[in-house]
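Order of listing sets the numbers, starting from 1, for every ligand and every atom in it. Positions are given from 1 along the sequence. Source: prediction; values computed, not measured.
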Amino acid sequence: MAVDFAALTNPGVARLRPYRPGMPEAELHRRLGLPTASILKLASNENPLGPSPRAVAVLRDELGTLHRYPDASGHELKRALATHLAVSAERIVLGCGSNELLLLLSQSFLSATNSAIYSQHAFVVYPMAVGLSGAKALVAPARNWGADPVAILQLLRDDTRLIFIANPNNPTGTWLDATAMEQLLKALPPTVIVVLDEAYCEYVEQPDYPDCLALARRFPNLVLTRTFSKLHGLAGLRVGYAIADPSIADVLERVRAPFSVSSVAQSAALAALDDEAHQRRSRAVNHAGREQLESGFATLGLAWIPSAGNFISFSVPAGDVGAKRVHSDLLAAGIIVRPVAEDYALPGHLRVSIGTEQDNQRFLTALGAAL
Ligand SMILES: *Cc1c(COP(=O)(O)O)cnc(C)c1O
């Protein structure tokens with residue numbers, strides 16, 4: 001008789017589903033036969049300008065050293081980040097994308113005997129990480145689509161170890177301002193760790209956005225995670241980092257897989273960090289593209305959730321049926337956006353990543369036709 005191995009897994013695993021990424025161009029090519037070069041992917045919040053050219057140049061130079069293991073300590077990249085951020089290197093932990101750091105935090109601090117809080121519509125990796133750990137997931141109702149500190153505090157229990165907040169949040173683009181963040185940290189016991197996921201912080205233009213590096217110096221229970229996947233355009237290489245109290249950083253280093261950040265990822269990240277021209281261009285394109293998309297949505301009579309990131313979730317008439325139809329019409333036109341009804345409880349919405357001016361125009365024209 002066939003063994004049901006799935007029934008033998010750890011508690012928590014049975015309820016997990018694989019992460020559903022934005023559809024890759026190759027899949028749309030297989031499905032509809034469209035030429036890959038004609039496909040516009042606006043589904044994974046990737047940098048529309050591509051990777052930092054400096055990072056690409058470094059990668060070419062390094063291919064001959066691929067037989068070597070990476071520097072397991074990530075010494076140089078940590079040192080560069082420490083200088084760049086004005087924090088000590090012992091506070092920095094590197095990860096295979098910031099995703100690895102989110103998992104390390106839950107592996108290290110969560111178990112079936114405690115609980116973690118995240119918000120409604122929060123980044124889907126949090127439910128996955130908490131679910132895998134077996135900890136109780138406490139989901140705080142959102143306010144105006146975003147994290148609500150009051151609702152989070154109401155859910156707090158004696159056994160709560162972690163609170164996950166994305167600032168800004170994906171897919172809503174909502175953010176907590178400096179006052180809200182400080183009030184939340186002041187109200188929490190110092191033993192409750194706040195994991196503040198700042199994957200998109202480099203795009204934020206709001207003057208009231210919190211200076212979380214300064215807050216982290218005052219509140220040792222504040223852990224920041226950041227990434228090279230978005231602004232720096234290195235999503236394919238998988239490199240992110242956490243900034244944490246040295247004692248938390250030490251815990252994460254103990255749990256981390258030895259060579260989880262590849263040699264080339266470390267070198268490319270180092271180069272990208274210095275590539276201020278690429279960062280500046282990327283921010284400028286995002287700023288202009290956000291205005292372009294917002295005015296396009298307004299012209300089409302669509303509502304959207306104001307976003308501080310490099311993506312916008314917008315609502316489609318006729319609710320979920322409408323969103324499914326518009327999604328498939330856009331696919332037929334070679335444009336991939338992200339459905340957010342199921343994974344993010346945002347029925348009737350779609351999320352589009354901000355592209356170049358040309359990308360955005362093509363998307364808006366196809367969207368207008370689909371409506
Ligand atoms: C894209 C994203 C990340 C980054 O993930 P990486 O593993 O660093 O590529 C983290 N958090 C949120 C909210 C994101 O949207």
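- The residues Glu294 and Arg290 are annotated as not salt-bridged, no charged nitrogen and carboxylate oxygen being separated by less than 4.0 angstrom.
- A distance limit of 4.0 angstrom between heavy atoms and ligand 1 selects the residues Gly97, Ser98, Asn99, Phe123, Asn170, Asp197, Ala199, Tyr200, Thr227, Ser229, Lys230, Arg238.
- Within the 4.5 Å cutoff, the side chain of Leu196 has heavy atoms near those of the Met181 side chain.
- A ring-centre distance under 6.0 Å is not found for Tyr344 and Phe123.
- Residues passing the side chain to side chain contact (heavy atoms under 4.5 Å, CB included) test with Ala268, sequence neighbours excluded: Ala55, Leu59, Leu234, Leu237.
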Could you go through residues 87-96 and list every donor-acceptor pair under 3.5 Å that involves a side-chain atom there, pairing it with any protein atom two or more places apart or in another chain?
| unit_1 | atom_1 | unit_2 | atom_2 | d |
| --- | --- | --- | --- | --- |
| Arg91 | NH2 | Ala216 | O | 3.4 |

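- Applying the side chain to side chain contact (heavy atoms under 4.5 Å, CB included) rule to Arg280 yields the partners Glu276, Ala277; only residues at least two apart in sequence or on another chain are considered.
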